[in-house]
Amino acid sequence: MRYKKSSDVREKRRNSPRYEKPKFSFLSKFLLVTCSAVLAYYSFVGYHKYRAYQQLQSQKAQQFMQEQQKLVEEQRKEQGELPESVLSEQGRKNLELQNN
């Protein structure tokens, strides 16, 4: 009985159909490309919706700030010039004590 060389056995295994590299079928390539395109599309749409939302929020914030400024200006016109702060007698005494 003659033993086969290990290189002969390896060569025979490599040539076996069981060890062939798998080939991608047309369907699997098509599905891969389609899924990638759908993912890219939804990413694109989602990003643009997010940007639009950010711009809307920024516009709302600016509008709110403008309204607040108008209200403050109207209140100042109605009340006229007011001193920054009016201290009570006790407050003036305390301030004088701290400064001395």
Side-chain angles (χ1 to χ4, degrees):
M1 183 170 157
R2 185 170 170 223
Y3 292 103
K4 294 181 182 179
K5 292 182 182 179
S6 61
S7 61
D8 290 340
V9 172
R10 275 190 234 133
E11 188 67 31
K12 191 174 183 181
R13 283 185 185 160
R14 282 188 198 138
N15 292 333
S16 168
R18 180 176 171 199
Y19 289 98
E20 286 183 13
K21 289 184 180 178
K23 296 179 182 177
F24 289 107
S25 67
F26 172 76
L27 181 61
S28 63
K29 289 179 186 177
F30 177 75
L31 287 175
L32 179 67
V33 169
T34 304
C35 290
S36 298
V38 168
L39 179 65
Y41 172 76
Y42 281 116
S43 298
F44 181 77
V45 169
Y47 175 74
H48 282 286
K49 284 190 179 248
Y50 174 70
R51 293 289 294 164
Y53 174 76
Q54 279 185 328
Q55 288 175 351
L56 180 64
Q57 292 299 333
S58 176
Q59 289 174 354
K60 283 182 180 179
Q62 287 177 346
Q63 182 181 3
F64 178 74
M65 288 173 32
Q66 289 173 352
E67 289 175 2
Q68 292 298 315
Q69 285 177 342
K70 286 180 185 177
L71 288 173
V72 168
E73 289 173 7
E74 288 175 6
Q75 288 174 355
R76 286 184 180 163
K77 283 180 185 177
E78 289 174 1
Q79 295 179 359
E81 285 295 318
L82 295 176
E84 285 297 316
S85 63
V86 179
L87 295 176
S88 65
E89 290 182 31
Q90 184 64 39
R92 275 190 233 128
K93 287 179 185 176
N94 290 338
L95 188 58
E96 288 174 6
L97 291 175
Q98 285 179 352
N99 288 337
N100 292 334

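Quick caveat: nothing in here was measured; it's all calculated off a predicted structure. In what follows, residues are counted from 1 in the order of the sequence shown.
For the atom pair Gln55 CD and Gln59 CD, the distance stands at 7.0 Å (nearest 0.5 Å). Between the CG atom of Asn94 and the OG atom of Ser88 there is a distance of 8.0 Å, given to the nearest 0.5 Å. Once rounded to the nearest 0.5 Å, the distance linking NZ of Lys77 with CD of Glu74 reads 7.5 Å. For the atom pair Phe44 CZ and Lys49 NZ, the distance stands at 12.5 Å (nearest 0.5 Å). With rounding to the nearest 0.5 angstrom, the CD atom of Gln63 is 9.0 Å from the NZ atom of Lys60. The CD atom of Glu89 sits 6.5 Å away from the CZ atom of Arg92 when rounded to the nearest 0.5 Å.
Remark: of the listed residues Val45, Leu39, Val38, Val45 is the sole one forming a side-chain contact (heavy atoms from CB on, under 4.5 Å) with Tyr41.
The backbone N or O of Phe30 sits less than 3.5 Å from a side-chain atom of Thr34, completing a donor-acceptor pair.
Using a 4.5 Å heavy-atom threshold, the side chains of Gln62 and Met65 count as separate.
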